[in-house]
Chemist: 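Sharing a structure here in structure tokens format.
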Amino acid sequence: MRIFVLQNLKENMTMQNQYDIIVVGGGHAGCEAAHAAAQLGSKVLLITMDMNKIAQMSCNPAMGGVAKGQIVREIDAMGGLSGIVSDKSMIQFRMLNRSKGAAMWSPRCQSDRMQFAEIWRLALEKNPNVDFWQEMATELIVEKGMLKGVRTQLGVEFRAKAVILTNGTFLNGLIHIGEKNFGGGRAADRASVGLTAQLQALGFESGRMKTGTPPRVDGRTLDYSRMEEQEGDENPSKFSYSDETQAPKKQRSCFITYTNPKVHDTLKTGFDRSPMFNGRIQGLGPRYCPSIEDKIERFAERDRHQIFVEPEGWNTVEVYVNGFSTSLPMDVQYEALRQIVGFENAKMFRPGYAIEYDYFPPTQLRETLETKRIENLYFAGQINGTTGYEEAACQGLMAGINAHLKIRGEAAFTLDRSEAYIGVLIDDLIHKGTDEPYRMFTSRAEYRILLRQDNADERLTAKAHKLGLASDKRLERVKQKQQDVNAIRKILAEKSIAPEEINAALEALGTSGLKQKIKAQDILRRPQIDLPTFCKISPTLGNLLKNYDEEVLEQAEIQTKYEAYVEKEKLMVEKMQRMENLKIKDTLSYDEIKALSAEARIKLSKIRPQTLGQASRISGVSPADVSILMIYLEK
């Protein structure tokens, strides 16, 4: 009887430990991966070292920004949760780059750090397909070259058909504060050990990267009257296209102050103890988010640098000192902080620090984020060399989708460079690789007029609906939006405006009056005119468009103003698509194509592009190499 009970218990535990997909890591990539796969129907286990820190905003309490905001909207259009969670936890919203063209507009919000993590965790807990296990995953279970699951520090085995690693900065993480360093993946959290060594033994290349974070201070000790107030937008928007969230009705201000020569001089006194300058930090840090000591060293001619003073939430006094990332000794940090205007009496909650961690060059991945060496093993997030919550989240989304599809024998789902910033990011990673933390910018997208933040739903919701991630209601909303936009554009194309109705107003706006009746769309294309203004100065047009909401009017205006540029980019996409359609067999021996340069043969053999278009974007493959390869393939 006793033997039967023990055997029965073992069988039950074995059944409990069987999953379709295991996600290792509970950060932004892990959360989106678990949510996507579970929503599609996979049974998912999320393994994290601390369930209280699921979706923790380890650095700044904000989502979006230049190009990053476009990614959040794309994630939302694809059925991910980053946009919805951001909307529900935001304390301020701003649309950046409004003074520039619509392709540059980028939504950004300040978030309540604690609310953000809580909302994400509760959303995952509501999904019956998601289970949780709080422990460190230390080993992949690989049997006869096949991935079978993971093993934890306590020796617990979890079996699965696919595994997604989203380890963030935890792989052999090493925290630096001045001359002190200690293992950790984040302040007060342990580093993850074991996986890097095993992956190296399996033939994976790895490297080290570095990132950092600034001190946190007590907002009660700051003098905001001496700083510049930075309010949210007067008419704030939101990220999600769903009606599950609303634009914020109240907002909290951020503030701006500056460093000064005294601050810089104080910081310099710690340079001899800086791990960045004395060689203790080996990994490369993010080029576009340097530490304060790096900024002082690189931009010695500047006598001040901007500091953004960002509240951490609605009900906390903790403040994030954006722009003051540092790994200098704690005493130097504290003394320098108190010399910033408004910080004279500042009390520090915790010092800034730098962290080094392992990553795996992403050229070892397929377009689906599956590794080339181990089938059904996926990498997403900072393990691939990226930086930022948004870049991590979109990788998690795509890895979750593709892991689900792969184990069911269904076709992979990918986005190309003309369809989404997500496609640009993944294409850059797997074909160009990165040796420094990769951050998305609008300049990385050659089709950014097509990939605007305002049309992510039109670009991607139908694809998400076909997968099963976007609801029927979501798709209907997009279709209705498109119908309304088309109706407005039809009115603009057909309605003629008389000179006597509008000339006085046009001249007051600094643009010439009309000599004869012309179509409304031609007036709207003038840079001095936007559609809300047009509706005010033309009662006829205003009456025709009064029943349409602001989002639809804005979309119609953008499409009207940028029509010629959009058509030009579409032609460029069609031209590039011809190269994308020229497939390359995985068995092709590049060494046999002697006309290729030596570097091209090495890079092509290593990365194994699937199309000529992909080959053309590999660093080290010249236009001449592409021409040679095209001729060879056509033969």
Chemist: Using a distance-only test with no angle check, is there a side-chain donor-acceptor pair under 3.5 angstrom linking Q453 and S106?
Modeler: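 No.
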Chemist: Is the NZ or CZ atom of R474 both under 6.0 Å from the centre of the six-membered ring of Y241 and within 45° of that ring's axis?
Modeler: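 No, cation not above the ring by the 6.0 Å, 45° rule.
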Chemist: Name the orientation class of the two ring planes belonging to Y224 and F255 (parallel below 30°, tilted from 30 to 60°, perpendicular beyond 60°).
Modeler: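 Tilted.
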Chemist: Is the distance between the ring centroids of F413 and H404 under 6.0 Å?
Modeler: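 Judged by ring-centre distance (under 6.0 Å), H404 and F413 do not meet the cut-off.
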Chemist: With a 4.5 Å limit on heavy-atom distance, are the side chains of R439 and E391 in contact?
Modeler: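 Counting from C-beta outward, R439 and E391 do come under 4.5 Å.
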Chemist: Pair T414, E367 - check side-chain hydrogen bond (donor to acceptor under 3.5 Å, both in side chains), show working.
Modeler: CA-CA 7 Å; T414 59; E367 285 184 289; 4.7 Å; no
Chemist: Should the ring pair F93 and F239 be called parallel, tilted or perpendicular, given that the plane angle runs from 0 to 90° and is split at 30 and 60?
Modeler: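 Correct class here is perpendicular.
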Chemist: If we ignore hydrogens and angles and just use 3.5 Å, is the side chain of E74 paired with the main-chain N or O of A456 as donor and acceptor?
Modeler: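 Checked: no pair found.
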Chemist: Where the side chain of E32 meets the backbone of L81, is there a donor-acceptor pair that is under 3.5 Å apart?
Modeler: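 Here the side-chain-to-backbone pair exists.
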Chemist: Ignoring hydrogens and geometry, is there a side-chain-to-backbone donor-acceptor pair from N486 to Q482 under 3.5 Å?
Modeler: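 Answer holds: yes.
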Chemist: With a 3.5 Å distance limit and no angle check, can you tell me whether Q614 reaches the backbone of Q610 through a side-chain donor-acceptor pair?
Modeler: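 Yes.
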Chemist: Please check: side-chain N/O of T611 versus main-chain N/O of N581, any donor-acceptor pairing under 3.5 Å?
Modeler: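 No.
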Chemist: Between R452 and E554, does any side-chain N to carboxylate O distance fall below 4.0 Å?
Modeler: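 Salt bridge: no.
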Chemist: Are any of the side-chain heavy atoms of H465 and D472 separated by less than 4.5 Å?
Modeler: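 Answer yes - side chains close enough.
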Chemist: Between R477 and E244, does any NZ, NE, NH1 or NH2 come within less than 4.0 Å of an OD or OE carboxylate oxygen?
Modeler: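 No, E244 and R477 are not salt-bridged.
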Chemist: Salt bridge between D76 and R73, side-chain N to carboxylate O under 4.0 Å?
Modeler: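 No, D76 and R73 are not salt-bridged.
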Chemist: Is a salt bridge present between R617 and E446, judged by a nitrogen-to-oxygen distance below 4.0 Å?
Modeler: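 Looking at R617 and E446, the cut-off is not met.
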Chemist: Does a salt bridge link K561 with D530, judged by any charged N lying under 4.0 Å from a carboxylate O?
Modeler: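 The answer is no: the pair does not qualify as a salt bridge.
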Chemist: Let me know which of C109, P311, C254 forms a side-chain contact (heavy atoms from CB on, under 4.5 Å) with Q92.
Modeler: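 Answer to the side-chain contact (heavy atoms from CB on, under 4.5 Å) test with Q92 among C109, P311, C254: C254.
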Chemist: Counting only N and O atoms by type, is there a donor-acceptor contact under 3.5 Å from the side chain of W120 to the main-chain atoms of S82?
Modeler: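 No, W120 side chain to S82 backbone: no donor-acceptor pair under 3.5 Å.
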Chemist: Distance from K238 atom NZ to K88 atom NZ, nearest 0.5 Å?
Modeler: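 NZ of K88 is found 10.5 Å from NZ of K238.
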Chemist: Is it the case that atom OH in Y565 sees more than 12 heavy atoms from other parts of the structure closer than 6.0 Å?
Modeler: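 Check fails, neighbour count at 12 or below.
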